[in-house]
Amino acid sequence: MCTVPLDDEVLLARLRERLTDVRFYSLDNEYTGVPADSDTAWQALHNAPGARLIVVNALLGIYKVVLDDHRWYLLRPSVEFEPQPAAGPSEAPMTA
């Protein structure tokens with residue numbers, strides 16, 4: 001895991017645009033069960049003392065905003081799956 005520099009405004013703007021699925025984890029590393037607002041996580045990154053943005057998995061686009069008191073936000077891209085067409089009967093020609 002590596003820390004993302006907070007002075008790169010272009011990178012932060014791109015990440016903010018992409019990372020819209022946000023979850024908040026409390027002091028005991030338990031997911032609170034309610035998705036957090038994306039703006040809340042980004043505000044915490046800029047306003048909380050000692051907060052930092054960490055790359056968890058660059059390939060999957062998963063990041064953490066780690067707060068000073070060990071609470072953290074998990075940030076990842078929202079993925080919307082399109083329904084697949086139902087499998088129909090085989091179109092193979094019949095042979096005699």
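One-based numbering along the sequence shown.
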Is [X] linked to [Y] within one hydrophobic cluster, defined over Ile, Leu, Val, Met, Phe, Trp and Tyr using a side-chain heavy-atom separation of less than 4.5 Å?
X	Y	result
Val56	Val22	no
Tyr25	Tyr63	no
Trp42	Tyr73	yes

Name the atoms and distances for all side-chain donor-acceptor pairs under 3.5 Å in residues 5-19, with sequence neighbours left out.
from  : atom 1 : to    : atom 2 : distance (Å)
Asp8  : OD1    : Val10 : N      : 3.4
Asp8  : OD1    : Leu11 : N      : 3.3
Arg16 : NH2    : Asp39 : OD1    : 2.8

- Task: Take Arg23 and Arg76 through the test side chain to side chain contact (heavy atoms under 4.5 Å, CB included) and record every step on the way to the result.
- Result: CA-CA 9 Å; Arg23 296 165 189 244; Arg76 59 187 184 179; 2.8 Å; yes
- Message: As a quick check of understanding, evaluate side chain to side chain contact (heavy atoms under 4.5 Å, CB included) for Val65 and Trp72, giving each step before the final call.
- Response: CA-CA 6 Å; Val65 171; Trp72 48 280; over 6 Å; no
- Nearest atoms (heavy-atom pairs only) where Ala51 meets Ala44: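 Closest approach of Ala51 to Ala44, heavy atoms only: CB-O, 3.6 Å.
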- Would you give the length of the straight line joining atom CG of Leu45 to atom CG of Leu53, rounded to the nearest 0.5 angstrom?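 Rounded to the nearest 0.5 Å, the CG-CG separation comes to 5.5 Å.
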- Message: Is a donor from one side chain sitting under 3.5 angstrom from an acceptor on the other, for Thr20 and Ser38?
- Response: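 There is no such pair between these side chains.
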- Kindly give the cluster partners of Leu59, where membership spreads through any ILVMFWY side chain lying under 4.5 Å from a current member.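 Traced through the cluster, Leu59 reaches no other member.
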- Query: Do Leu74 and Ile62 touch side chain to side chain, with heavy atoms closer than 4.5 Å?
  - Reply: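 Sidechains of Ile62 and Leu74: in contact.
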- Message: Contact between Ile54 and Val4 at the side-chain level, heavy atoms closer than 4.5 Å - yes or no?
- Response: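 Answer no - side chains too far apart.
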- For Arg71, check side-chain contact (heavy atoms from CB on, under 4.5 Å) against everything at least two apart and list the hits.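 For Arg71, the residues satisfying side-chain contact (heavy atoms from CB on, under 4.5 Å) (neighbours in sequence not counted) are Phe24, Leu27, Leu67, Asp69.
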